[in-house]
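A quick write-up on the structure given underneath.
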Amino acid sequence: MSGLAALLADHTVRTVAGGAAILGAAAGVVGSFALLRRQSLFGDVLAHAALPGLCLGFIAAGARELPALMAGAAVTGAAAALAVLALVRFTRLKADAAQGIVLSTFFAAGIVLLTFLQTRGAAGQAGLAAFLFGQAAGMLRSDLWLTGGLALAAVGLILAFWKEAKLVAFDPTYAAAAGLPVAAIEIGLTLLVAVAVLVGLQLVGVVLITALIVAPAAAARQWTDRLGPMVALAALIGAAAGLTGGVVSATARGLATGPVIVLAASAAVALSLLAAPRRGLLWQGVAARQARRRLAGERVLATLDALARAHGDPAWPAEQGMLDAAHGAPAAGALGRLRAQGLVRPVAHPPEATPHWQLTAEGSAAAGRLRDARDDRR
Amino acid sequence: MSATPAALHEPGLALHVEDLTVAYRDLPALWDIDLDLPPGVMAAIVGPNGAGKSTLVKAVLGLVRPVAGHVRLFGRPYADVRRRIAYVPQRASVDWDFPTTALDVVTMGTYARLGWFRRPGRAERSAARAALAEVGMQDYADRQIGRLSGGQQQRVFLARALVQGADLFLLDEPMAGVDAPTERIIVELLHGLRAAGRTVIVVHHDLQTVTRYFDWLVLLNRRVVAQGPVAATYTAANLRATYGGQVALIDPGEAA
């Protein structure tokens with residue numbers, strides 16, 4: 001722990017970790033709405049399309065100046081977004097195909113520009129290639145102000161227009177009938193995704209930034225059924241992932257920040273999909289097993305009850321083989337659990353040496369209740 | 001937000017539609033619709049699939065732009081009387097896995113009167129609880145909406161409309177895919193609204209129940225085939241004109 005404290009005392013590490021945490025939190029907030037509006041892929045298009053803009057911004061400014069790079073990224077990102085909209089609107093391409101085409105075209109153009117700049121030696125010094133996978137170590141104090149300011153503004157906007165954003169995300173038709181400017185709010189929510197992408201380019205890189213937008217929201221959704229807690233949790237998970245990535249990559253020289261951040265966020269998703277109450281796979285598996293066991297127990301109880309009534313003896317000893325046959329599977333497990341609950345007991349039934357079972361008084365009562373419940377359902 | 005409200009036009013009618021034509025791309029979805037609905041009726045809009053029933057509702061609410069014609073509600077354009085109109089969209093139009101509760105959805109009915117930047121408070125939430133109780137859903141207030149049955153979801157939507165305190169209710173297929181108890185609850189509630197002087201307009205799919213539930217009928221198949229009090233409108237000739245051959249099995253004389 002003292003090692004971590006020493007790390008965080010370091011000026012550079014603090015800058016990087018702080019920037020990554022703020023970015024992660026903003027990505028979690030903005031990404032929650034993107035996820036719920038099924039816009040997850042849109043961030044990916046914007047991010048990949050930002051690469052040619054970064055290069056053009058570099059050419060225009062003649063140096064690695066973050067505002068110029070971001071402006072270039074914003075321009076080509078917007079062009080890509082418009083291209084997707086135009087393809088969907090004016091051709092017969094569906095949204096996923098249009099996004100795939102536009103994303104790869106812009107990214108290819110970006111790679112061509114990047115290699116061109118690198119052959120001239122300029123891009124190498126500017127560290128433009130670091131925008132592919134993110135390089136937090138290159139982050140400056142002034143970059144932090146820009147990054148942090150934009151991220152906080154995005155979160156502030158969502159909070160200010162919370163109920164409008166929620167209504168538009170849930171039920172846009174009703175929102176429009178209620179008089180909300182639905183198109184403007186949807187554009188606003190999409191622009192906020194674009195801001196998160198732009199802000200994240202330097203830290204996470206164009207290739208992986210979409211994961212930081214989707215993953216915290218997807219993880220948070222598993223733990224709660226309310227929007228407020230989901231967004232708050234997504235912000236927390238995003239911040240934790242950012243912090244992890246920032247610290248790890250600042251310590252290990254040359255380790256790209258983006259992949260570490262994304263791996264941390266993905267770990268949160270995996271854990272959530274497995275372990276979250278009610279929605280998690282483990283939880284569902286346990287619930288299904290319990291339901292199976294309860295049903296098996298009820299069936300054995302009902303069989304014993306039917307046999308007892310057929311023989312006019314509430315404590316009629318049934319041979320375990322009969323129960324297996326009626327069950328279509330070994331009844332031993334269910335019998336053991338029923339015995340532990342005091343509903344059945346084993347009895348000897350000479351001359352047969354095989355195991356026999358009979359209902360206890362509680363077992364007869366429980367079987368009667370099951371009968372009543374079944375009759376009610378009919 | 002026009003400075004001067006539009007002049008009153010047919011103020012005696014709850015809904016007045018004139019020459020309304022809506023086209024998707026080049027295909028007319030609604031053609032030359034004229035409708036007049038007096039206030040206080042419970043009206044069914046009935047017609048075959050693709051007749052433009054939902055499109056008509058959306059055109060009334062200003063959600064689709066007509067290529068011709070106009071709509072007035074209580075004599076005014078929709079934008080001027082928004083608060084007096086409650087809309088219940090089709091249940092299938094939203095994602096029920098959305099992280100929100102029944103109470104929260106009903107509270108959304110108060111957003112319009114709250115306006116920008118104001119959060120719903122105790123008054124809004126208690127109004128929402130009362131609306132949930134009206135549809136018999138008070139015990140499900142805190143349940144995530146995906147864990148409600150279809151009929152319960154429809155009742156939540158209805159409660160969201162009730163909480164608006166509107167004068168006119170527009171419901172798009174509220175009885176589609178709901179169980180019999182829910183249908184009974186919905187119909188009783190709508191009859192209660194009519195008894196209180198409200199106007200209720202329902203896109204409906206079940207010809208068998210038209211005469212039992214409604215007192216006004218609009219038969220639609222891209223254009224208005226017939227409209228008026230159910231007794232006069234629900235005739236074999238009108239139904240045949242609306243549905244073509246599809247309606248051969250239904251004898252309106254018997255159903256009425």
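Excluded from the calculations below are hydrogen atoms, water molecules and symmetry mates; all remaining heavy atoms, backbone and side chain alike, are included. Letters A, B, ... mirror the listed sequences (proteins, then strands); counts begin at 1.
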Okay, B/Ile145 and chain A: the region with an atom under 4.5 Å from a heavy atom over there is side chain

Chain A contacts, top residue of B/Gly146, B/Gly62, B/Pro99 (heavy-atom pairs, under 4.5 Å): B/Pro99

Is any NZ, NE, NH1 or NH2 atom of the basic residue among B/Arg72 and B/Asp80 found under 4.0 Å from an Asp or Glu carboxylate oxygen of the other? no

Non-hydrogen side-chain atoms of B/Pro89 and B/Arg160 separated by less than 4.5 Å: yes

Between B/Leu114 and B/Glu124, does the side chain to side chain contact (heavy atoms under 4.5 Å, CB included) criterion hold? Intermediate values first, please. CA-CA 9 Å; B/Leu114 277 173; B/Glu124 284 72 30; 3.6 Å; yes

Find the one option among B/Ile85, B/Leu63, B/Val105 whose heavy-atom pairs under 4.5 Å with chain A are most numerous. B/Leu63

Would you please say whether a donor-acceptor pair under 3.5 Å links the side chains of B/Ser54 and B/Gln90? yes

Could you tell me which non-hydrogen atom of A/Val195 sits nearest to which non-hydrogen atom of A/Ala154, and how far apart they are? CG1-CB, 4.5 Å

Within 45° cone of B/Phe74 ring axis and under 6.0 Å: B/Arg76 NZ or CZ: no

Carefully, step by step, assess B/Val60 and B/Leu73 under the rule side chain to side chain contact (heavy atoms under 4.5 Å, CB included). CA-CA 8 Å; B/Val60 168; B/Leu73 294 142; 4.1 Å; yes

Check each atom of B/Arg147 against the heavy atoms of chain A and say whether the ones under 4.5 Å are side chain, backbone, both or neither. side chain

Heavy-atom contacts under 4.5 Å, residues 163-189 of chain A to chain B: A/Lys163, A/Glu164, A/Lys166, A/Leu167, A/Ala169, A/Phe170, A/Asp171, A/Thr173, A/Tyr174, A/Ala176, A/Ala177, A/Ala178, A/Gly179, A/Leu180, A/Pro181, A/Ile185

Worked verdict on A/Arg221 versus B/Asp97 for salt bridge (Lys or Arg N to Asp or Glu O under 4.0 Å): CA-CA 10 Å; A/Arg221 176 68 187 94; B/Asp97 195 39; 3.4 Å; yes

Just by distance, no angles: are the side chains of B/Thr101 and B/Asp104 close enough, under 3.5 Å, to form a donor-acceptor pair? no

Side chain from CB out, backbone as N, CA, C, O: work out which of these in B/Val88 comes under 4.5 Å of a heavy atom of chain A, or both, or neither. neither

Identify which part of A/Arg278 has an atom lying under 4.5 Å from any heavy atom of chain B, answering side chain, backbone, both or neither. side chain

